[in-house]
There are 2 protein chains.
Amino acid sequence: MPRGAATASGTAGARAVPEATVARLAVYLRMLGELADRGAETVSSDELATASGVNPATLRKDLSYVGSYGIRGVGYEVRPLLHHLSAALGLTHRQAVALVGIGNLGHALAGYGGFSGRGFPVAALFDVDPDLVGITINGVVVDHVREIPTVCRARHVTIGMVATPAAAAQGACDLLVRAGVSCILNFAPVVLQVPEQVEVRKVDLAVELQILAFHVARRHLAESAGEAGAAGNGAGDGAVNGHAVVQS
Amino acid sequence: MPRGAATASGTAGARAVPEATVARLAVYLRMLGELADRGAETVSSDELATASGVNPATLRKDLSYVGSYGIRGVGYEVRPLLHHLSAALGLTHRQAVALVGIGNLGHALAGYGGFSGRGFPVAALFDVDPDLVGITINGVVVDHVREIPTVCRARHVTIGMVATPAAAAQGACDLLVRAGVSCILNFAPVVLQVPEQVEVRKVDLAVELQILAFHVARRHLAESAGEAGAAGNGAGDGAVNGHAVVQS
DNA sequence: GCAACTTTGTGCACGCGTTCACGAGCGGCT
DNA sequence: AGCCGCTCGTGAACGCGTGCACAAAGTTGC
């Protein structure tokens, strides 16, 4: 990590879009898609914000990061905003996705319609198991992991997903990196080591459950211990602090 | 949201553990498990932090939230810390999990060994499809969604997972809430409406990919625009700004 | 054409989370 | 036993993200 140097200001010049904003923009995009399907012409920031589960001011600020196309007194035109957001999120070109690890989770991901339906066709599948290599899932043939560099380059894969067991994840990741993949979505419960240019996002289902388990325990604790007065059915005092819904 | 009143200090008294800290504690716990399997006796905050992909200071502060059991000059004893963290995260009792929606993703989640292996046995499965109701996955029979309230109560389910299509998610969520489930992990691409006491976490795979796509696009942009020198074959410069790895 | 209402865009402040830096305690060595 | 080196625990500062509140701008009604 850099010390004090380069206080994030100098670099590109284009105002960097915060990570959290990018995540929300993707949600807005989906909501806009639904609105467009429903035939809506315009949306106010209030409507779109409540539908997305965020504060209206946050939404407006988020949209302002990518340049504002709203009409004061009216709201946002659904179709233009949808296209604009798509462009801002880099969805103008379909991004080919490679998936390594066709186990339990991998198989589901390979068959998941939500990816290709939203511009992310799963273009390559890999595993080491000889019984899996050669089979076809959703029209894509499973190749051996050693083919990752050649196949990924040939099919212009830009995003990799790692759904292997923990022990194999780093190796799969290394192969993807060697294939020129610069963004990786990691489902394996390990912290991947990657060169600086490569971006990794981690989705850890067991951790998600543990976070919830913590809240269950805390709730039980607070409920059995402290509560004396009040109905205890949740609302009211606000003893236990603030935000009930996280909706990360 | 409250204005100035109750500046988060007065409340319960027990220092509230930040959400982000809880998420990291779960990661530390896993790493400690691996270390214990490997026969390690002690770990320093530096080792555990790098293994978990976080700053050592952050790790120490995180651990201090749940009471510190470290030994100055030595580090942390693996086994005691592991037990202590398990207790702090509410893993002393196994939390029964219910899964609604046995589609592509749901089937994989039902068969995923990582849950029951880490203290979260999948104790109930639900769907509306008559072809699915009655079949057995990993020793658990799929029940009809209408059975959610009775079955969940009978099996002491504390955590619910929603893996239905978007249109059915809210209904499934409502049934889980009525069954007394207070924590829900939502895989459907909708913002669930829940009463205040219920906590929802969202895992949205399409959004994750879109976030990565954004970074791919930004990288392409920066690379084609500004860059003049360098090989461009992947390794090397690292000119593009700051943090490459997010590992959320 | 003017006034009033509606809704966007954004400067500002608050609070949270992360990181640094340093004091406090513990083990090992002489 | 005393000193030294190592590592934890934590107070303080920085930076970021969020939410409020208000000005700018456009639209509708008269």
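Below, chains carry the letters A, B, ... as their sequence lines are ordered, and counting in each starts from 1. Everything numeric in this text was worked out from a predicted model, so none of it was measured.
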Taking the minimum atom-to-atom distance to the side chain of A/Ser64, which one of D/dC20, C/dT10, C/dT18 wins? C/dT10
Does B/Tyr76 place a side-chain N or O at less than 4.0 Å from the phosphate oxygens OP1/OP2 of D/dG9? yes
Report the distance from atom CG of A/Leu63 to atom P of C/dT10, rounded to the nearest whole Å. 11 Å
Between the main-chain N or O of A/Val17 and the side-chain N or O of A/Thr21, is there a donor-acceptor pair closer than 3.5 Å? no
Backbone of A/Val54 reached by a side-chain donor or acceptor of A/Thr58 within 3.5 Å: no
Do the side chains of B/Arg218 and A/Glu199 get close enough for a salt bridge, i.e. N-O under 4.0 angstrom? no
Close approaches to DNA chain D from residues 39-50 of chain B, in residue order (heavy atom, under 4.0 Å): B/Ser44, B/Ser45
Tell me if a side-chain donor or acceptor on B/Asp204 pairs with a main-chain N or O of B/Glu208 at a distance below 3.5 Å. no
Please name all residues satisfying salt bridge (Lys or Arg N to Asp or Glu O under 4.0 Å) with B/Arg60, sequence neighbours left out, ordered by chain then number. none
Does B/Lys61 get its side chain close enough to the base of D/dG9, under 3.5 Å, for a donor-acceptor pair? no
So does A/Ser44 get a backbone contact from the side chain of A/Glu47, meaning a donor-acceptor N/O pair under 3.5 Å? yes
May I ask you to evaluate whether A/Ser68 reaches the phosphate of C/dG9, defined as a side-chain N or O under 4.0 Å from OP1 or OP2? yes
From CG of B/Leu59 over to P of C/dC20, roughly how many Å is that when rounded to an integer? 14 Å
How would nucleotides 25-30 of chain C be written as a contact map, 5' to 3', with B for base contact, S for sugar-phosphate-only contact and - for no contact, using protein heavy atoms under 4.0 Å? BBS---
Whole-Å gap separating C1' (C/dT10) and CG (A/Asn55): 14 Å
Heavy-atom nearest nucleotide on DNA chain D taken for A/Arg60 and for A/Thr21; more 5' hit belongs to A/Thr21
Side-chain atoms of A/Ala20 come closest, of C/dG9, D/dG17, C/dG17, to D/dG17
In whole angstroms, the gap separating P of D/dC8 from CD of B/Glu77 amounts to 12 Å
Measure CD/B/Glu19 against C1'/D/dG17 and give the value in whole Å, please. 16 Å
Whole angstroms only, please: what is the CG-P distance between B/Asp62 and D/dC8? 14 Å
Does anything in residues 63-85 of chain B pair up under salt bridge (Lys or Arg N to Asp or Glu O under 4.0 Å), and if so which pairs, sequence neighbours excluded? none
Qualifying residues under salt bridge (Lys or Arg N to Asp or Glu O under 4.0 Å), relative to B/Arg24, sequence neighbours excluded: B/Asp62
Below the 4.0 Å mark, does C/dG17 have OP1 or OP2 next to a side-chain nitrogen or oxygen of B/Arg24? no
Kindly write out the residues that satisfy side chain to side chain donor-acceptor pair (under 3.5 Å) with A/Gln95, not counting sequence neighbours, or none if the list is empty. A/Thr158
